[in-house]
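Here's the structure we're looking at; comments come further down.
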There are 2 protein chains.
Amino acid sequence: MNSRVEERCIAQGVRMTDQRRTIAKVLSESTDHPDVDQVHARAVKLDPETSITTVYRTLRLFEEAGVLEKHDFRQRRFRYEEATDQPHDHLIDVKTGDILEFYAPEIEQILEEHAKTLGYQLIDRRLELYAIPLTKDA
Amino acid sequence: MNSRVEERCIAQGVRMTDQRRTIAKVLSESTDHPDVDQVHARAVKLDPETSITTVYRTLRLFEEAGVLEKHDFRQRRFRYEEATDQPHDHLIDVKTGDILEFYAPEIEQILEEHAKTLGYQLIDRRLELYAIPLTKDA
DNA sequence: GTAGCTGCAAAAGATTTGCGACCAA
DNA sequence: TTGGTCGCAAATCTTTTGCAGCTAC
């Protein structure tokens with residue numbers, strides 16, 4: 001059965017190959033935000049032939065097709081996740097590097113408003129919270 | 001007269017040299033968000049001897065001392081600005097690369113709240129709006 | 001059949017580092 | 001004096017690209 005990411009790529013008219021199917025499967029099955037090396041490592045488990053070059057090329061292709069999102073999170077490498085219709089932002093645990101997702105609908109309009117005041121129309125945004133775990137006694 | 005950035009570095013116990021004074025002056029006089037090459041170019045005008053290596057080292061030093069802030073803005077290179085006591089966020093004109101600053105006090109508490117709900121205490125945040133100019137007839 | 005894909009090795013671009021000479025405190 | 005700093009060149013790290021052979025449509 002085709003993976004969700006594969007289906008979305010096909011819908012976007014992206015040509016499919018074995019390698020791309022493998023990488024699509026990896027992303028479909030990931031619930032975290034893997035970087036290129038992690039995607040490569042997971043792809044190699046499914047198909048040992050997969051090269052890192054193709055992973056780079058494929059992730060970029062999928063991202064340009066709007067199927068994946070690429071994030072920076074102030075770490076060395078870019079991280080990827082499947083794009084969702086539901087917008088959301090990220091909280092990064094600066095101790096462990098863990099990434100949590102959240103959605104703050106209340107700020108949408110506020111940000112729109114600020115952009116408008118400056119004479120701009122919003123195209124995209126990046127909101128990341130860097131935080132440490134709350135201690136019981138804090 | 002010492003520049004503002006220089007004074008703040010001295011207050012932080014950073015050892016001063018001619019090169020550092022020059023770079024401190026450049027940042028003190030910048031109202032934009034220059035990248036390393038731009039800082040270097042401006043420094044060279046004041047002191048032709050300034051090397052790019054020292055600019056890299058010094059910007060990092062000043063940032064670690066909390067006197068400068070380093071931003072990514074999804075461009076190739078990092079950009080720098082003097083740290084301010086007044087928190088603010090940025091709007092990036094995706095057509096021109098221009099960077100505007102704004103402050104949305106309304107969202108502060110909302111974000112704190114979301115972090116707390118996830119069990120975290122905020123350390124820092126990154127909020128960037130990517131936008132295009134509003135057209136008159138839009 | 002042919003434009004598009006793949007893997008390898010090499011290139012690229014930004015930033016960091018080793019090192020010997022030099023300088024601030 | 002002496003540990004910190006400077007400039008140069010070389011190294012690093014991630015990502016991209018040239019090329020020759022292979023493949024999906």
Side-chain angles (χ1 to χ4, degrees), chain A residues 2-3 5-7 9-27 33-41 43-65 67-80 97, chain B residues 2 5-7 9-26 33-41 43-65 67-80 97:
Chain A
N2 293 347
S3 70
V5 168
E6 180 178 348
E7 287 300 344
C9 285
I10 291 169
Q12 294 297 310
V14 171
R15 181 194 277 206
M16 273 304 166
T17 64
D18 289 346
Q19 291 89 334
R20 290 179 182 180
R21 260 183 283 276
T22 301
I23 294 167
K25 191 159 190 281
V26 166
L27 267 298
H33 300 71
D35 63 28
V36 176
D37 272 353
Q38 290 174 314
V39 172
H40 181 232
V44 163
K45 281 190 189 162
L46 303 177
D47 173 5
E49 303 295 288
T50 318
S51 85
I52 185 76
T53 304
T54 296
V55 174
Y56 269 109
R57 276 195 279 235
T58 303
L59 290 176
R60 179 151 72 138
L61 179 74
F62 289 2
E63 193 222 336
E64 285 169 353
V67 178
L68 297 183
E69 282 179 9
K70 182 182 178 184
H71 298 288
D72 168 341
F73 299 148
R74 288 181 178 163
Q75 290 158 336
R76 297 210 140 170
R77 300 136 173 280
F78 286 115
R79 297 181 165 277
Y80 292 84
Chain B
N2 294 347
V5 169
E6 181 178 347
E7 287 300 345
C9 285
I10 292 170
Q12 293 298 311
V14 172
R15 181 195 277 208
M16 280 318 236
T17 63
D18 289 347
Q19 291 91 334
R20 292 180 181 178
R21 261 183 282 276
T22 301
I23 294 166
K25 191 158 190 282
V26 166
H33 300 71
D35 64 28
V36 175
D37 272 353
Q38 291 173 313
V39 172
H40 181 231
V44 163
K45 280 190 190 162
L46 302 178
D47 174 4
E49 303 294 288
T50 317
S51 88
I52 185 77
T53 304
T54 296
V55 174
Y56 270 109
R57 276 196 277 235
T58 303
L59 290 176
R60 180 150 72 139
L61 180 73
F62 288 2
E63 193 223 336
E64 286 169 352
V67 177
L68 297 183
E69 281 179 9
K70 182 182 178 183
H71 299 288
D72 169 340
F73 299 147
R74 288 183 178 161
Q75 289 158 336
R76 297 207 142 174
R77 303 138 172 280
F78 286 114
R79 296 180 166 277
Y80 292 84

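Letters A, B, ... are given to chains in the order of the sequence lines, protein chains preceding strands, and every chain is numbered from 1.
Using modelled atom types, no side-chain atom of Glu64(A) and backbone atom of Leu61(A) make a donor-acceptor pair closer than 3.5 Å. Here the side chain of Thr54(B) pairs no donor or acceptor atom with the backbone of Thr50(B) at under 3.5 angstrom.
Regarding Leu61(B), its CG atom lies at a distance of 7 Å from the P atom of dT5(D), rounded to whole Å. Rounding to whole angstrom units, CG of residue Leu59(B) and C1' of dT15(C) are separated by 12 Å. The interatomic distance linking Tyr56(A) (OH) with dA11(C) (P) rounds to 18 Å, in whole Å. Rounded to whole Å, the distance from CG on Asp35(B) to P on dT15(C) is 8 Å. The nearest whole Å value for the distance from the CD atom in Gln19(A) to the C1' atom in dG4(C) is 13 Å. Going from atom NE2 of His40(B) over to atom C1' of dA14(C) covers 15 Å, rounded to whole Å. For the pair Phe78(A) CZ and dA14(C) P, the interatomic distance rounds to 13 Å; values are reported in whole Å. Atom pair Asp37(A):CG and dC13(D):C1' shows a separation of 11 Å (rounding to whole Å applied).
Between the CZ atom in Arg79(A) and the CD atom in Gln38(A) there is a gap of 5.0 Å [rounded to 0.5 Å]. Here Asp72(B) contributes atom CG and Phe78(B) contributes atom CZ; the two are 5.5 Å apart, rounded to the nearest 0.5 Å. Note that CE of Met16(B) and CG of Asn2(B) are 7.5 Å apart. Values are rounded to the nearest 0.5 Å.
The salt bridge (charged side-chain N to carboxylate O under 4.0 Å, His left out) analysis of residues 10-24 of chain B, with sequence neighbours excluded, yields the pairs Glu6(B)-Arg21(B), Asp18(B)-Arg21(B).
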Base versus backbone protein contacts along nucleotides 17-25 of chain D [heavy-atom cut-off under 4.0 Å; B, S, -]: BB-----BS

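One finds a side-chain N or O of Arg20(B) lying less than 4.0 angstrom from the OP1 or OP2 phosphate oxygen of dC6(D).
Taking 4.5 Å as the limit, some side-chain heavy atom of Val5(A) sits within range of a side-chain heavy atom of Phe62(A).
Distance from the side chain of Val36(A) is smallest to dT15(D) among dT6(C), dT15(D), dC6(D).
Remark on DNA chain C: of its neighbouring residues Val55(A) and Ile52(B), the 5'-side contact belongs to Val55(A), judged by nearest-heavy-atom nucleotide.
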